Amino acid sequence: MDYDDLGFSTRAVRAGHRRSAEGEQSEPIYLTSSFVFANAAEAAARFAEEQPGNIYSRFTNPTVRAFEERLATLEGGARCVATASGMAAILATCMALLRAGDHIVSSRSLFGSTVSLFEKYLTRFGIATTFVDPCDPEAWRLAIRPETRLLFVETPSNPLTELADIAVLADLAHEHDALLAVDNCFCTPALQRPLQHGADLVIHSATKYLDGQGRCLGGAVVGDQALLEEVHGVIRTAGPAMSPFNAWVFLKGLETLNLRMRAHSASAETLAHWLDQQPTVERVHYPGLASHPQHDLAARQQTGFGGLLSFEVAGGREAAWRVIDAVETISITANLGDAKSTITHPASTTHGRLSAAQREAMSIREGLVRLSVGLEEVEDLEADLARGLALI
Ligand SMILES: *Cc1c(COP(=O)(O)O)cnc(C)c1O
């Protein structure tokens with residue numbers, strides 16, 4: 001059945017599931033490393049790729065394929081390749097599309113391990129990266145070199161919720177024969193579909209909102225057939241394939257994605273307005289606030305403002321830690337995209353390995369607190385934060 005004409009939530013619940021002869025209602029988990037052939041000739045035909053079908057779960061697996069088909073249609077892409085983690089998705093994309101001598105222009109506001117991958121590991125293989133301000137198209141343009149093959153961005157960014165204009169970056173990439181990859185971890189296809197704005201590839205850490213309940217690591221890359229064929233080649237050869245069990249968890253996660261993302265966004269918006277009114281809060285970063293410098297772009301590019309926000313308290317690190325240490329409901333952890341709200345102090349955790357000067361350049365200040373707003377009652381989250389804010 002072709003689901004592409006049906007609505008988003010219908011596809012999120014139904015796409016990718018091919019009922020087996022058992023007639024199961026919920027998607028089965030094919031927990032098997034290899035697959036059996038009817039005879040030697042069939043085995044030979046499968047290996048020669050003359051006959052479609054499964055061989056080994058590093059190559060393909062029916063549960064993983066169901067997840068890939070479901071996410072591909074949600075992102076509006078022709079094909080998806082699932083990976084063992086979000087970082088495996090980024091690594092496989094780079095290995096598939098780049099070679100020694102190539103150059104990446106990347107947002108400087110990136111997940112920490114992505115920065116390490118680009119700076120510490122890809123450089124060993126002759127691939128250089130220039131980091132730029134994600135909000136400044138002119139900075140991207142100036143950083144492009146003849147050998148630039150990839151533009152890489154997260155939008156909105158973590159923890160400051162800075163936005164990049166996907167359509168502008170896509171045009172810029174294509175003018176220079178480069179590709180644009182968007183890490184869509186924070187919005188998910190429920191709130192933002194980068195391929196519709198001209199991006200070539202969408203990357204996911206499924207670990208976050210696609211699961212939505214903090215259980216499994218996984219990742220994915222979505223795009224057109226030819227590019228994804230290359231990415232799949234890397235995964236099946238190098239090994240970081242998604243486990244069928246995790247694919248099943250993510251399939252179930254996708255069924256509630258739209259509902260959850262709207263609930264996360266609604267609570268985050270309420271909390272952002274509430275925090276904005278607290279006397280000890282100096283600043284709130286949330287794209288849904290009219291005061292956000294890119295509020296209009298967010299309203300245009302996204303269909304919701306997401307569950308992630310950050311705020312700056314008066315009194316630096318001491319005050320920020322006081323707010324964090326006073327919480328009783330919210331979890332103190334750096335993870336995000338969970339039904340359980342999480343709180344973290346970026347300057348001493350996710351961005352703790354950067355120098356003070358680097359943090360200053362990125363506006364990661366000592367008083368900054370990041371919140372991933374979960375699905376608890378928003379009044380309980382306000383009360384949890386109010387306790388610490390009153391101590392400042
Ligand atoms: C968590 C995260 C990743 C990495 O994903 P893993 O599943 O932890 O490997 C990449 N990008 C963003 C934006 C993330 O938040």
Side-chain angles (χ1 to χ4, degrees), residues 64 67 71 75 80-95 104 106-122 129 131 134 150-164 166 180-192 194 199 201-222 231 234-235 238-243 245-247 249-250 253-254 261 264 285 287 302 306-310 333-338 342-344 346 349-351 362 364 370-374:
V64 175
F67 165 73
L71 185 58
E75 284 288 3
C80 169
V81 171
T83 59
S85 67
M87 289 316 303
I90 299 171
L91 174 66
T93 299
C94 293
M95 286 189 70
I104 302 172
S106 171
S107 164
R108 67 175 183 212
S109 303
L110 282 191
F111 187 65
S113 297
T114 312
V115 175
S116 300
L117 175 68
F118 291 174
E119 275 190 334
K120 191 168 166 199
Y121 295 100
L122 292 188
T129 302
F131 293 96
L150 182 68
L151 272 55
F152 191 96
V153 71
E154 273 169 35
T155 179
S157 72
N158 171 28
L160 293 175
T161 71
E162 301 159 295
L163 270 77
I166 296 171
L180 173 65
V182 177
D183 183 331
N184 200 24
C185 179
F186 301 126
C187 275
T188 83
L191 304 183
Q192 171 172 277
L201 293 159
V202 173
I203 289 176
H204 276 286
S205 168
T207 314
K208 313 292 169 51
Y209 288 108
L210 301 191
D211 173 358
Q213 295 177 57
R215 297 164 292 195
C216 288
L217 288 184
V221 188
V222 187
V231 175
V234 172
I235 295 297
M242 179 179 281
S243 113
F245 180 81
N246 290 10
V249 172
F250 298 134
L254 288 178
M261 292 313 293
H264 284 296
H285 304 275
Q302 305 174 196
L308 203 74
L309 63 85
S310 59
T333 172
N335 199 24
L336 58 90
D338 195 316
T342 68
I343 193 166
T344 189
T349 59
T350 50
H351 295 70
M362 291 173 72
I364 309 286
R370 190 205 70 196
L371 203 60
S372 166
V373 181

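Order of appearance sets the numbers: ligands from 1, and atoms from 1 within every ligand. The model shown is predicted, which means the values in this text are computed figures rather than measured ones.
- At a heavy-atom distance under 4.0 Å, atoms from both the backbone and the side chain of Met87 approach ligand 1.
- No N or O atom of Leu217 sits closer than 3.5 Å to an N or O atom of ligand 1.
- A pairwise comparison of heavy atoms in Ser310 and Pro159 identifies OG-O, 2.6 Å as the closest pair.
- The environment of CE in Met87 is crowded: more than 12 heavy-atom neighbours from other residues, nucleotides or ligands sit within 6.0 Å.
- In summary, the side chains of Thr344 and Thr349 do present a donor paired with an acceptor at a separation below 3.5 Å, with no hydrogens or angles considered.
- Interface of Phe186 with ligand 1, defined as ligand atoms under 4.0 Å from a residue heavy atom, comprises 13 (C), 15 (O).
- The contact set between ligand 1 and Gly86, taken as ligand atoms under 4.0 Å from a residue heavy atom, comprises 5 (O), 6 (P), 7 (O), 9 (O).
- For a threshold of 3.5 Å applied to N or O pairs, the pair formed by Asp183 and ligand 1 contains at least one separation below that value.
- With hydrogens and angles disregarded, a donor-acceptor distance shorter than 3.5 Å links the side chain of Ser243 to the backbone of Asn246.
- Formation of a donor-acceptor pair under 3.5 Å by the His264 side chain with backbone atoms of Val373 is found in this model.
- Scanning all protein heavy atoms for the shortest distance to atom 14 (C) of ligand 1 gives Lys208 NZ, 2.9 Å.
- Looking at atom 5 (O) of ligand 1, its nearest protein heavy atom turns out to be Ser205 OG, 2.9 Å.
- Among residues two or more places apart in sequence or in another chain, the side-chain contact (heavy atoms from CB on, under 4.5 Å) test is passed with Val249 by Asp211, Arg215, Cys216, Phe245.
- Tested against Val231 for a side-chain contact (heavy atoms from CB on, under 4.5 Å), the candidates Val221, Val222, Ile203 yield a single pass: Val221.
- Near Gly218, with a cut-off below 4.0 Å to any heavy atom, the atoms of ligand 1 are 7 (O).
- For atom 4 (C) of ligand 1, the nearest protein heavy atom (residue, atom name, distance) is Phe111 CE2, 3.3 Å.
- With hydrogens left out, the protein atom closest to atom 7 (O) of ligand 1 is Thr207 OG1, 2.6 Å, a heavy atom.
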